[in-house]
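Okay, so here's the structure we're looking at.
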Amino acid sequence: MEEREVRIGKLEQLKAMGIDPYGKVLRNIEPIAKIRQAADGDTCSTMARVTNIRQHGKLTFADLKDFTGKLQLSFRKDALGDKYDFLKKFIDVGDVIYVTGSMYHTGRGELTLDVMDFVLQSKCLRPLPEKWHGVRDPEVRYRQRYLDLIIDDDSKERFRKRSAMIKAIRELLWDKGFVEVETPILQPIPSGASARPFVTHHNALDIDLYLRIAPELYLKRLVVGGIHRVFELGKNFRNEGIDQNHNPEFTMLELYQTPGDYEDMMQVAEDIIMAAASVCDNNGSINFKGMDVHFERPFERITFKDAFRKYANLEWDDINTLEKTTAIIKDKGLEMTKTSTWANAIQKLFDELVQPNLINPTFVIDYPVAISPLAKRKTDEPDFVYRFELFVAGMEMGNAFSELQDPFDQKSRFEEQMKLKESGEEEVILMDEDFVTALEYGLPPTGGLGIGIDRLIMLLTESENIKDVILFPTLRPKVEEATETIESTN
RNA sequence: GGGCUGUUAGCUCAAUAGGUAGAGCAACGGACUCUUAAUCCGUGGGUUGCAGGUUCGAGUCCUGUACAGCCCA
C-alpha cells in the first residue's frame, strides 16, 4: 500500500512542522451551491473535499466537491507565496480543505474561487477511486457508500432527492393536519401484515420480541385514542430474501384518517405521489426498466375482478374456487410455492397475470375479503372489501382500505388466519387480542394507507435496484480481509 | 434455494491457443500562470478473491469455497 505510506509520511511531516493535519473547526463557511450564486469579486469561504488537482507551474487549479455541488479553485504562486509551495507538497486529491478567496470567471467562463488562504481540515490517507470511471464494483459502492458519494454525482443527487421527497411528503401531511408518531419497533406480536419477522430477545423481561413487519395495528389504536389524523414514516423489517425490489429493512409510510375511507385514501395517495414527483423535474414522465410511465391525476382505477377480465381474459366465474384457480395455475405452467388455498392461488394469479400489466399508476380496487383480513366488507358485496392497491411500473407501491371497525368480524378474521397457520401456512396476519379490545372501544370510520417509500423513490429516480436508494443496504458481512487499518497511536 | 457470469496494480480494464501478467488514471521525480479527464519527459508499483488439483509450466483447465451481479423459484 505504497500511496498510503506516502500520505502517512506527509502526515508525519506536517505534525513535525507543528501543523495539525486534522485542523481546527472553521465555521464561517457556506456550502458550494450557495457560493456558486456569488458575484465576481465577492469574497467566499467554504470547506470541502479536493477531487482533482491540475498543476501548471506557478498556477494550480483544483476541484472541490461537497454534497451540494462542485467548485473550481485557482491557487496562484504570486498571491500565496510560500503557501503555494505547501499546497504542491502537502495537499493531495481527497484532502478536505477550508478555502477563502474571491470569485471570478476564468477565460473559458468557469466560475472559480481564487484562493487567498486555505487550511487543511482533514488529511486523506487513502487514494480516492479513479476519477472518471468512478467505482464500478457495486460491492464497494454499497459497503463504502462514502466513496460512492464522494465520487458519483448521480448517486449524490439520488440521495439528495430522497431526502427532498421525504421532506415533501412530511410537509404535505403536516399541512393536512396529520400528527407524526412513533410506534413500537419491538413488538410482542408481529401483526398487521403477513411476513416472516426477525426475532430478538429481551433479557430483563425474558421474552422474545419481534421487529415489526408493520405499524398498522398500533396506528389504528391511536385513531381509537383520538388522533384522527396520524402517520408514521419509518422502518419495517421482513425476514425474507434480498433482491432488486426487497431489502430486509425498508421504509414505509402508513397513515390513518377519520372520518375517512378508501376513496379518501386514493386522493391522499395521489397527493403524496405527486408531491414526491414534484421534487424530480421530469414533468411527471419517467422511464423505468424500459417502461414509459406517466403520472397524471386522477390515476386509473379498475376493480380486482375487472383487472382479471381485462388483462387475463378471465371472468370471475372462472377463478372463484380453489379448483378453478389451481387448474389455471397448472395450465399456465406456474408453480404454487405456498399452501394450496384459494387466497394464495388468486393472489398468485394476480401477481403473475395482472400486475405486470399495470404500468401507469393504477388503483386496483375492491379485493376479495379472503386476502384482506383487516379491511371493511363492502355493504353490497360482503365477500369483497373496500381496499385498493396502487401499482406503478408493475410494482406494488401502496395498499389501503376502509378499516375494519367491527371487533367481532375482526376477531373471526384473525381466527381464520390462525387456522391457516395451524394448517401450515407460514405467512398469516397474527391474532392480536389487544387490538380487538381496542376496536371494542370503537374505531370511527377510518381510511388507512401504506406506501413503500423506497420503491417510490426507486421509481421517481429511475433506479432499478432498491440498493441504489438505500444508503447502507443489507449485505452479507465480509468474512476475511478486514482491510488493513492503521495501528492505533494512543 | 437453483442456474449463469464476474473477482487481475490504489481505481477502471486488457492478457490471442496453457508459455516471462500489461495499459490508462492515481502515486513518485521533473517542466509549465487559465486548466477543467490539463499536457509533456522520466520512475516505481502484482501472493491474478481464497484453498486444493491437473500439468514441465495455470490469470487461463478442473474441484471446492467466499463475495457480488443477473435470471429463475
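Every chain is numbered from 1, with letters handed out A, B, ... down the list of sequences.
Between the CZ atom of A/Arg145 and the P atom of B/A68 there is a distance of 14 Å, given to the nearest Å. When rounded to the nearest whole Å, the span between OH of A/Tyr104 and C1' of B/U33 equals 10 Å. If you measure from atom CG of A/Leu113 to atom P of B/C34, you get 19 Å, rounded to the nearest angstrom. As rounded to whole Å, 20 Å separates atom P of B/C4 from atom CG of A/Asp243. Taking atom CG of A/Asp85 as the reference point, atom P of B/C32 lies 13 Å away to the nearest angstrom. Atom CD1 of A/Ile150 is separated from atom P of B/A26 by 18 Å (rounded to the nearest Å). In this structure, A/Leu73 atom CG and B/A38 atom C1' are separated by 16 Å, rounded to whole Å. Rounded to whole Å, the distance from CD1 on A/Ile151 to P on B/G10 is 17 Å.
B/G1 is paired with B/C72 under the Watson-Crick or G-U wobble criterion, all donor-acceptor distances under 3.5 Å. Across all strands shown, B/U7 forms a Watson-Crick or G-U wobble pair, both distances under 3.5 Å, with B/A66. Within the shown strands, B/U43 is the pairing partner of B/A27 under the Watson-Crick or G-U definition, both distances less than 3.5 Å. B/C61 and B/G53 make up a base pair, with Watson-Crick or G-U wobble contacts both under 3.5 Å.
Here A/Asp78 lies in heavy-atom contact (under 4.0 Å) with a base. Across all strands, A/Lys467 comes closer than 4.0 Å only to sugar-phosphate atoms, never to a base (heavy-atom distances). A/Lys70 comes within 4.0 angstrom of nothing in the nucleic acid, heavy atoms only. Counting any heavy atom pair closer than 4.0 Å across all strands shown, A/Tyr84 reaches no nucleic acid atom.
Taking the P atom of each, B/U33 and B/C70 are spaced 49 Å apart, rounded to whole Å. When the C1' atom is compared between B/G45 and B/C28, the two are found 10 Å apart, to the nearest whole Å. Separating the P atom of B/C62 from that of B/G3 is a span of 16 Å, rounded to the nearest Å. Going from the P atom of B/G10 to that of B/C4 covers 31 Å, rounded to whole Å. Taking the C1' atoms as reference points, B/G2 lies 36 Å from B/G46, given to the whole Å. Taking atom P in both B/U47 and B/A21, one finds a spacing of 13 Å when rounded to whole Å. Rounded to the nearest Å, the gap between the C1' atom of B/U8 and that of B/A73 is 34 Å. Rounded to a whole angstrom, the distance from the C1' atom of B/A38 to that of B/G59 is 35 Å.
If you check distances only, the side chain of A/Gln55 never reaches the base of B/U35 with a donor-acceptor pair under 3.5 Å.
Place A/Val93 and A/Gly57 on RNA chain B by their nearest nucleotides, and A/Val93 ends up nearer the 5' end. Nearest-nucleotide mapping onto RNA chain B: of A/Lys77 and A/Tyr142, the residue sitting toward the 5' end is A/Lys77.
Between A/Lys88 and B/C32, a side-chain N or O to OP1/OP2 separation shorter than 4.0 Å is absent. Between B/U35 and A/Arg54, no contact under 4.0 Å exists linking OP1 or OP2 to a side-chain N or O. Listed pair A/Arg143 / B/A68 meets the phosphate criterion, a side-chain N or O lying under 4.0 Å from OP1 or OP2. Phosphate contact (OP1/OP2 of B/U36, side-chain N/O of A/Arg108, threshold under 4.0 Å): present. Residue A/Gln244 places at least one side-chain N or O closer than 4.0 Å to OP1 or OP2 of B/C71. Using a 4.0 Å cut-off, no side-chain N or O of A/Asn52 falls inside it from OP1 or OP2 of B/A26.
With B/U36, B/A26, B/C34 as the candidates, the nucleotide lying closest to the side chain of A/Phe61 is B/C34. In the set B/U36, B/A38, B/A68, B/A38 carries the atom at the smallest distance from any side-chain atom of A/His56. When distances run from any side-chain atom of A/Val6 to the nucleotides B/U33, B/C34, B/C28, the shortest one goes to B/C28. Closest approach to the A/Thr112 side chain among B/A26, B/C11, B/U35 is made by B/U35 (side chain taken as heavy atoms from C-beta onward).
Judged by a 6.0 Å distance limit and a 45° cone about the ring axis, A/Lys305 is positioned over the six-membered ring of A/Phe384.
The shortest heavy-atom contact between A/Tyr84 and A/Lys58 is OH-C, 3.2 Å.
At least one side-chain heavy atom of A/Ile329 sits under 4.5 Å from a side-chain heavy atom of A/Leu349. Using a 4.5 Å cut-off on side-chain heavy atoms (C-beta onward), A/Asp63 and A/Arg54 make contact.
Take A/Ser194 and apply the side chain to side chain donor-acceptor pair (under 3.5 Å) test, not counting sequence neighbours, and it matches no residue.
Side chain to side chain, A/Asp114 and A/Ser74 meet the donor-acceptor criterion of an N or O pair below 3.5 Å.
Relative ring orientation between A/Tyr367 and A/Phe304 is described as tilted, the plane-to-plane angle lying within the 30° to 60° band.
Aromatic rings of A/Phe118 and A/Phe75 (six-membered ring for Trp) have centroids within the 6.0 Å cut-off, being under it.
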